[in-house]
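These numbers come from a predicted model, not from an experiment. Index from 1, following the sequence. Both ligands and their constituent atoms are indexed starting at 1 by order of listing.
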Amino acid sequence: MEQIKTIRSLRAYVTEKRRTGSKIAFVPTMGALHEGHLELVRQGLKQAGICIPYIFLNPKQFGDGEDLDSYPKTLETDLDKLEKTGAQAVYVPSAADIYPPGFSTTVSVKGISEILEGAHRPHFFDGVATIVTKMLLQCLPDIALFGEKDYQQLLVIQKLVTDLNIPVQITGVPTVRDENGLALSSRNTYLSEAEYGIAIQLNKILAGMKPGNDAHAAHEKLKAAGFDKIDYCTICDAHTLLPPEENTQEKRALAAVWIGKTRLIDNLPVSE
Ligand code: AMP
């Protein structure tokens with residue numbers, strides 16, 4: 001597996017692969033890779049032949065007091081996992097290359113970025129939209145894959161690619177879960193055994209949410225399960241993330257909850 005460290009060498013690699021007729025898939029990650037990330041790589045390989053994941057712990061999507069410093073960093077194991085999964089190359093740019101002195105542009109997707117996650121982490125989607133736009137323009141892949149685990153993020157990225165006419169197909173990949181239904185997340189490593197016992201209730205409570213049965217009941221269940229704080233737990237229109245209307249076809253239950261210092265998010269489609 002080739003390690004690509006600069007924008008120039010990324011562009012050269014992609015140009016060369018294109019010249020030989022390959023399609024390129026791109027998988028953005030912040031490292032600390034688990035089976036969820038690797039599933040994106042597998043899907044990328046299926047859909048495009050060449051898959052280039054990137055690892056970049058993006059400081060711009062962390063707010064003051066969030067877990068940027070303690071975020072797990074496991075580069076050597078990550079590279080090993082990517083190679084075994086079949087990625088032909090990995091992009092590992094330096095922060096200095098990505099955000100040189102004087103960098104002053106922000107990509108901001110209004111509306112969908114301002115609710116749910118955006119309401120609780122106001123810096124977050126600007127950070128994500130800015131880095132993903134930069135990375136897509138650096139690589140110009142045929143497709144880029146994102147997990148449904150971060151469902152709102154997937155919608156934000158679909159919107160920015162449409163609005164900015166970036167010629168990349170955005171593909172969502174279903175959430176990979178452990179044997180207890182807990183959505184895999186790099187942040188799950190923060191959980192103690194007792195906290196894990198609480199965390200595995202989240203997907204079950206989300207699965208029990210039906211249109212019409214109010215979010216209040218789900219909040220009560222989350223509190224009873226031992227979650228310390230609920231940022232939100234609600235059913236939304238799956239396309240706009242606004243409250244569903246009478247004629248809304250597809251709905252999604254989304255939640256962000258805290259156990260001690262760990263914040264977990266998850267979401268599931270809602271069936272009637
Ligand atoms: P992250 O490194 O947390 O920014 O995640 C990188 C990509 O992996 C994002 O598109 C996430 O949505 C996706 N991802 C994270 N966890 C999972 C999971 N459990 N299943 C599927 N995709 C995931």
- Would a line drawn from the ring center of His34 to the ring center of His37 be shorter than 6.0 Å? yes
- Query: Nearest protein heavy atom to atom 15 (C) of ligand 1, by residue and atom, and its distance?
  - Reply: His34 CE1, 3.9 Å
- Item | Leu40, portion touching ligand 1 at heavy-atom distance under 4.0 Å | side chain
- Message: Looking at Lys81 and Glu35, is there a salt bridge between them, counting it only when a charged N and a carboxylate O are closer than 4.0 Å?
- Response: no
- Query: Under 4.0 Å between a Lys/Arg side-chain N and an Asp/Glu carboxylate O for Lys261 and Glu195?
  - Reply: no
- Nearest heavy atom to atom 18 (C) of ligand 1, choosing from Gly36, Gly172, Pro53, belongs to Gly36
- side-chain hydrogen bond (donor to acceptor under 3.5 Å, both in side chains) partner of His123, chosen from Gln61, Lys60, Glu66: Glu66
- Message: Need the ligand 1 atom indices (1-based, order shown) with element for anything under 4.0 Å from a heavy-atom of Asp150.
- Response: 11 (C), 12 (O)
- Item | Proximal atoms of ligand 1 relative to Pro174 (non-hydrogen, under 4.0 Å) | 21 (C)
- Task: Taking the side chain as every heavy atom from C-beta outward, state whether Tyr190 and Tyr71 have any atom pair closer than 4.5 Å.
- Result: yes
- Task: Find all atoms of ligand 1 within a distance of less than 4.0 Å from any non-hydrogen atom belonging to Thr175, and give their numbers and elements.
- Result: 19 (N), 20 (N), 21 (C)
- Query: Is there a chain of hydrophobic side chains (I, L, V, M, F, W, Y, each step under 4.5 Å between heavy atoms) that links Ile55 to Leu10?
  - Reply: no
- Query: Heavy-atom contacts under 4.0 Å between Glu35 and ligand 1: side chain, backbone, both, or neither?
  - Reply: neither
- Message: Any nitrogen or oxygen of Leu145 lying under 3.5 Å from a nitrogen or oxygen in ligand 1? Just yes or no.
- Response: no
- Note on the structure: Restricting to heavy atoms, the pick from Ile55, Leu33, Ile157, Val176 nearest atom 21 (C) of ligand 1 would be Val176
- Answer yes or no: is there a donor N or O on one side and an acceptor on the other, between the side chain of Glu83 and the main chain of Met1, under 3.5 Å? yes
- Can you sort out which atoms of ligand 1 are near Phe146, meaning under 4.0 Å from one of its heavy atoms? 10 (O)
- Message: Ring-plane angle category for His120 and Tyr232, please: parallel below 30°, perpendicular beyond 60°, tilted otherwise.
- Response: tilted
- Message: Below 3.5 Å, N or O to N or O, backbone or side chain included: is there any such pair between His37 and ligand 1?
- Response: yes
- For ligand 1, note which part of Ser186 has a heavy atom under 4.0 Å away: side chain, backbone, both or neither. neither
- Item | N/O donor-acceptor pair under 3.5 Å between Asn267 side chain and Glu148 backbone | yes
- Item | Heteroatom proximity flag, Glu148 to ligand 1, N/O under 3.5 Å | no
- Message: Which label fits Phe26 and Tyr54: parallel for a plane angle under 30°, tilted from 30 to 60°, or perpendicular past 60°?
- Response: tilted
- Query: Of all the non-hydrogen atoms in the protein, which one sits nearest to atom 4 (O) of ligand 1, and at what distance?
  - Reply: Met30 CG, 3.8 Å
- Residue, atom and distance of the protein heavy atom nearest atom 23 (C) of ligand 1 read Lys149 CB, 3.9 Å
- Task: Report the part of Ser185 in contact with ligand 1, treating N, CA, C, O as backbone and CB onward as side chain, heavy atoms under 4.0 Å; options are side chain, backbone, both, neither.
- Result: neither
- Query: Less than 4.5 Å apart, any side-chain heavy atom of Lys251 and any of Pro269?
  - Reply: no
- Item | Partner of Asp266 under salt bridge (charged side-chain N to carboxylate O under 4.0 Å, His left out), chosen from Arg252, Arg187, Lys149, Arg177 | Arg177
- Item | Close N or O approach (Pro28, ligand 1; < 3.5 Å) | no
- Message: Gly147 versus ligand 1: do any nitrogen or oxygen atoms come within less than 3.5 Å of each other?
- Response: yes
- Message: Out of all atoms in ligand 1, which are within 4.0 Å of some heavy atom of Leu184? Include the element for each.
- Response: 16 (N), 17 (C), 18 (C), 19 (N)
